[in-house]
Amino acid sequence: MAARPQRAVRKLVVQRDSESEESSDEEIENDAIEEEEAVNEEEEEDYGDDADGDGEGEQEDNAATPSSSVPNGKKKKEPITISLKTAKLCKVCKAKDHQAGFVGSVYVDCPNKPCFLCKQPGHTTATCPHRIASEHGVTPAPRRQSLGMIDFVHERQLRSQIQKMMPPPVVPNRVDCAIIKLHSRRVTNLEFHPTKDNILISGDKKGQVGIWDYEKVYEKTVYNSIHTCIVGSIRFHPTNTEMIYSCGADGTVSCSDLETGLPNRAIDLNPDGWNGPSTWRMIYGMDINGTRNVVLASDNTGFLHQVDIRTNSRIGKPLLIHKKGSKVVGLHCNPVDPDLFISCGNDHMARIWDMRFLDAEGQLAELPHPRVVNSAFFSPKSGNKILTTCQDNRLRVYDCIFSNLAEPSREIVHSHDFNRYLTCFRAEWDPKDPSENLAVIGRYISDDFNGIALHPIDFIDVSTGQLVAEVVDKNITTITPVNKLHPRLDVLASGSSRSLYIWRPKDEMEDDDKGLEAEEEIKRKVTIFTVPDHAAAKKGKDKRKFDEDEDDDDDDDMLCQKSSKKKERSVMD
DNA sequence: ACCCTATGTATCC
DNA sequence: TGGATACCCTAGGG
């Protein structure tokens, strides 16, 4: 264990005057009366060097002399201990005169670091123009391209009209049904069933694949059989809705039956098992081209693999589509043009490809980014726009894939930092929005909601960068990096840590009586109850072969948050 | 109210 | 090229 870094609260111990005789082991504290610099010995050590301060001897000393230890004999006359908080060091830059961290529900940045939101130096998140200029922290970056004639006409004559013609989007802003801790590790992936509205498929870091009927809250299944570590992507079979394709960091792509959870391996990049990290291959990106009956999958070394859906076997040779040795984390087939797909990854690139010429340099365009690109998606209706999420805390929008793609049409500053303990954030289009402007993405930095620090899920109009809505629930205090909008309904599914939950719009009726809002909010009742897994199993139908989770912790419990339909109010607005 | 730990990416040498 | 190391708003468990 490393020595805990500067335990910085210096304690000034004042000896009671009458008891000068009893202090056998407290000479040090006696000194402290005179000069306030002389505090406990552990503090003065902490001061000297923080850089290499984890010497073992020091550690021992700290353990040996806890600061406030007083001989047990005299409990009445303890020395008075005063903490001098001013001596605390900033945990970020180690300076003495300030501190970074939460003050209540508000996080105070270290002023010596670049802004945590926009990454520019000279200000902090609290004063970042991208936070305070608009309502809730998201503003459009200025267009980097100069306006051409078409753009000019569009902006001048059509933009305002479009805003008027389009009804405001319906935002699922209230948690409904339940919050279910379906997984035993953090959720990495969500996918709605293509025909059954209530079925949500989920994947997690451990390789589990979950099936959840969120209307019948207890209808849930978890398969351990499909993957052994991180589920990278899940897609439904284009013609058989009882089958899913999934890929994972175990280096496999499988077609699995949802009834049995039995995988039919199409790709296994580690046929010889584990031989160390240098040879282990992982698959993160995957998508299906239904027209061509091909599954595309991308690995952590820059290569693309293909599977023929009809035979469930590999076709062609692996093709290098990104920098060799770099992880390709995202693949997306164009929803309109079956020849196109886009890839993105750790080489800071998103790349557009032509399926027909993959062998002979089929790359159509390179979209350079300053950092790792978490995701790149074509717009869902026309396939004509691209939305990327980059680890430089910016969303990038490319309005037309046939125009110059060297620069994005817009950059939108948005807090979605990389953190090794979180699933990567990925902005996704609303598949129902005909204007292809609405996107959803979780937010990393918290905001203060009535004294609670919460991490909202943001709905962003990517044509302007405006924040359309931010949704929170006070029962969900964790960051929500995984979000999926329903293809047909006004429903949002979210994955936060190990939990899944469903959002629906608040009734319009309830929006009318604003006067009651505050009062109702106070009255809001949330029932949280825990149901043993076997009880749920009795309600469910058959207990499946891989359903039981032998080794692991908490998975027996299903944490449900039931909402009483009438009374409940969302925390937001 | 701490403390510990899992472990991805960038950066440095 | 590769190992060592640092790392701001984690989440959950002890």
Side-chain angles (χ1 to χ4, degrees), chain A residues 1-9 50-54 59 62-63 66-67 83 89-95 98-119 121 124-126 128 131 137 181 183-188 204-206 229-230 232 249 276-278 280 282 284 300 323-327 329 345-348 369-374 390-393 415-425 442-449 452-456 472 476-482 495-499 552-555 557 559:
Chain A
M1 66 171 83
R4 32 178 173 297
Q6 54 291 140
R7 147 191 301 296
V9 184
D50 42 358
D52 60 344
D54 51 352
Q59 178 73 10
N62 286 349
S67 59
S83 294
L89 307 181
C90 172
K91 65 181 176 186
V92 178
C93 74
K94 310 289 194 283
H98 66 271
Q99 265 201 275
F102 274 105
V103 177
S105 54
V106 176
Y107 191 93
V108 179
D109 273 1
C110 170
N112 294 335
K113 287 282 184 175
C115 172
F116 195 62
L117 173 56
C118 74
K119 308 303 177 191
T124 64
T125 308
C128 177
R131 179 169 189 141
K181 197 193 270 187
H183 289 273
S184 56
R185 293 291 181 270
R186 56 168 222 251
V187 174
T188 59
D204 76 7
K205 185 173 168 293
K206 195 183 178 190
C229 54
I230 303 176
S278 57
W280 187 256
M282 303 178 264
Y284 282 94
N300 62 327
K323 183 180 170 190
K324 193 167 187 185
S326 73
K327 187 157 72 174
V329 294
N346 283 22
D347 64 350
H348 301 187
H369 289 65
R371 297 277 164 173
V372 171
V373 188
N374 288 347
C390 181
Q391 288 184 7
D392 70 343
N393 259 4
S415 171
H416 49 258
D417 284 72
F418 170 79
N419 180 315
R420 75 193 115 162
Y421 309 118
L422 299 175
T423 301
C424 286
F425 291 87
R443 197 193 303 173
Y444 190 100
I445 53 174
S446 61
D447 238 329
D448 174 28
F449 290 86
I452 316 173
L454 297 173
H455 306 269
V472 292
I476 296 144
T477 55
T478 49
I479 293 174
T480 307
V482 189
S496 183
S497 185
R498 307 171 183 182
S499 299
D552 235 288
D553 23 71
D554 40 43
D555 207 31
D557 290 346
L559 181 66

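Each chain gets a letter, A, B and so on, in the order the sequences are listed, and its residues count up from 1.
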### Summary
Picking from B:dG8, C:dA11, C:dC9, the nucleotide nearest the side-chain atoms of A:Y444 would be C:dC9
### Query
Roughly how many Å is it from OH in A:Y284 to P in B:dG8, rounded to a whole number?
7 Å
### Summary
Checking N1-N3 plus N6-O4 or O6-N4 for Watson-Crick, or N1-O2 and O6-N3 for wobble, each under 3.5 Å, the partner of C:dC8 is none
### Task
Starting from the 5' end of DNA chain B, give me the residue, A:V372 or A:K205, whose nearest nucleotide shows up first.
A:K205
### Query
A:H455 side chain to A:Y444 main-chain N or O, any donor-acceptor pair under 3.5 Å?
yes
### Query
Are any non-hydrogen side-chain atoms of A:D417 and A:Q391 less than 4.5 angstrom apart?
no
### Side-chain N or O of A:T125 closer than 4.0 Å to phosphate OP1/OP2 of C:dC9
no
### Message
So A:D417, base contact, sugar-phosphate only, or nothing? Heavy-atom distance under 4.0 Å.
### Response
nothing
### Task
Provide the distance between the two P atoms, one in B:dC12 and one in C:dC8, to the nearest whole Å.
14 Å
### Message
Quick check for you: among C:dG13, B:dG8, C:dA11, whose closest atom lies nearest to any side-chain atom of A:R498?
### Response
C:dG13
### Any side-chain heavy-atom pair of A:K327 and A:V372 under 4.5 Å
no
### Task
Can you figure out which of B:dT9, B:dT7, C:dC9 approaches the side chain of A:N419 most closely?
C:dC9
### Query
At under 4.0 Å, does any side-chain N or O of A:H455 touch on OP1 or OP2 of C:dT10?
no
### Query
Once the angle between the rings of A:F102 and A:Y107 is folded into 0 to 90°, is it parallel (under 30°), tilted (30 to 60°) or perpendicular (over 60°)?
perpendicular
### Message
By the 4.0 Å heavy-atom rule, please label A:K327 as base, sugar-phosphate, or nothing.
### Response
sugar-phosphate
#### Entry: Sugar-phosphate only, base, or nothing, as touched by A:P111 at under 4.0 Å among non-hydrogen atoms
nothing
### Task
Could you state the atom-to-atom distance from CZ of A:R443 to C1' of C:dT10 in whole Å?
17 Å
### Message
By a 5.5 angstrom centroid cut-off and a 30 degree plane limit, is there stacking between A:Y421 and B:dA6?
### Response
yes
### Task
Using a heavy-atom cut-off of under 4.0 Å over every strand shown, decide if A:S446 touches base, sugar-phosphate, or nothing.
base
### Pair A:D448, A:S105: side-chain N/O donor-acceptor within cut-off below 3.5 Å
yes
### Message
If you only use heavy atoms from C-beta on, which nucleotide in B:dT9, B:dT7, C:dC9 is closest to the side chain of A:Q391?
### Response
B:dT9
### Message
Regarding A:R371, tell me which of base, sugar-phosphate or nothing describes its non-hydrogen contacts under 4.0 Å with the strands shown.
### Response
sugar-phosphate
### Message
Do A:F418 and A:N374 make a side-chain contact, defined as non-hydrogen atoms from C-beta onward lying under 4.5 Å apart?
### Response
no
### Query
Do the side-chain N or O atoms of A:K113 get closer than 4.0 angstrom to the phosphate oxygens (OP1, OP2) of C:dC8?
yes
### Message
Distance check needed: C:dC9 P versus A:K119 NZ, whole Å only.
### Response
11 Å
## Note on the structure
Separation of B:dT9 atom C1' from A:M282 atom CE, nearest Å, is 13 Å
### Task
Could you tell me the separation between the CG atom of A:D392 and the P atom of B:dA10, rounded to a whole number of Å?
11 Å
### Task
With the side chain of A:L422 defined as its heavy atoms from C-beta on, choose the nearest nucleotide among B:dA10, C:dA11, C:dC8.
C:dA11
### Query
Which whole-number value in Å describes the distance from A:I445 CD1 to C:dC8 C1'?
11 Å
#### Entry: Distance, rounded to the nearest Å, where A:N112 contributes CG and C:dC7 contributes P
13 Å
### Query
For A:N346 and B:dT9, is the shortest distance between a side-chain N/O and OP1 or OP2 below 4.0 Å?
yes
## Note on the structure
Taken to the nearest whole Å, NE2/A:H348 to P/B:dT9 is 10 Å
